[in-house]
Structures are given as C-alpha cells and as structure tokens.
Amino acid sequence: MESRAIKEGGMDIYTAVLNGKELSRVLELPNEFINAEVEVKVKVIKKLPIRKKSKFNAFFGITQVENIEKEIKLIRDDWK
C-alpha cells in the first residue's frame, strides 16, 4: 500500500493506493474497481470539536447503595 499526505489548493489531503477487492469490504465499489489498484483521497470537510473525556463511572450504581448487604439479601430472597 502506498500512501502520502499532500496539500492541494491549501487543503490537507491524504492519498492511498489500495487493492480494490480489500477496499470493497468497507466501500461499495463498481465491479471494474474490484480487480484493480485504486487511489483513494481523503480530505477534511468539517472539523468537529474534540470531546472531553467523560467522567463516567461504570460502578456508579453499585457504589451509591448505602446498605449493600441488605440489598443483596433482598435480591437473593426474591430468587427463592
């Protein structure tokens, strides 16, 4: 695979030469592109804001239970 980043008309463009058959796994290509090397150009059309890391706590619900032993007992008693 050959790839390069260039500037065209003031825009950053990433260009890669890829096998059409491999590329067809992610893009729908015309049949004449499948058995050929194809050139793919990618350029940014709109920059998105960078997201800040979330303060998500996967164990939030568990850590906020005041009497965990009592809650576990209630759940287990429901199983009977």
Side-chain angles (χ1 to χ4, degrees):
M1 178 181 91
E2 177 189 326
S3 63
R4 63 186 182 276
I6 57 173
K7 279 198 181 277
E8 264 184 33
M11 300 278 298
D12 287 329
I13 296 179
Y14 178 78
T15 303
V17 176
L18 303 169
N19 178 305
K21 189 171 188 173
E22 291 177 18
L23 185 59
S24 69
R25 294 179 187 163
V26 291
L27 290 175
E28 189 173 326
L29 296 175
N31 288 336
E32 59 267 17
F33 286 28
I34 301 298
N35 292 316
E37 284 189 340
V38 296
E39 182 179 61
V40 178
K41 291 187 176 190
V42 179
K43 69 179 180 178
V44 175
I45 57 170
K46 179 182 178 184
K47 290 194 176 188
L48 302 174
I50 298 173
R51 298 171 114 194
K52 293 182 180 179
K53 284 193 174 181
S54 171
K55 292 183 179 178
F56 175 74
N57 180 349
F59 302 104
F60 174 78
I62 296 170
T63 60
Q64 300 305 312
V65 176
E66 290 182 22
N67 187 344
I68 191 73
E69 294 301 324
K70 178 182 174 187
E71 296 298 325
I72 291 172
K73 183 180 181 323
L74 287 172
I75 292 169
R76 287 184 177 155
D77 288 346
D78 283 344
W79 294 344
K80 294 178 183 179

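The chain is numbered in sequence order, starting from 1.
With rounding to the nearest 0.5 Å, the separation of CG in Asn19 from CD in Glu37 is 7.5 Å. We find the CD-CG distance between Glu71 and Leu74 to be 5.5 Å, quoted to the nearest 0.5 Å. The line from NZ of Lys46 to CG of Leu48 is 6.5 Å long, rounded to the nearest 0.5 Å.
Atom CG of Asn67 has more than 12 heavy atoms from other residues, nucleotides or ligands within 6.0 Å. Around atom CD of Glu32, more than 12 heavy atoms belonging to other residues, nucleotides or ligands sit under 6.0 Å away.
Under the 4.5 Å side-chain contact rule for hydrophobic residues, Val26 and Leu29 share a cluster.
For Lys73, the side-chain hydrogen bond (donor to acceptor under 3.5 Å, both in side chains) partners are Asp77, not counting sequence neighbours.
When all heavy atoms are compared, the tightest approach of Lys43 to Asp12 is CB-O, 3.7 Å.
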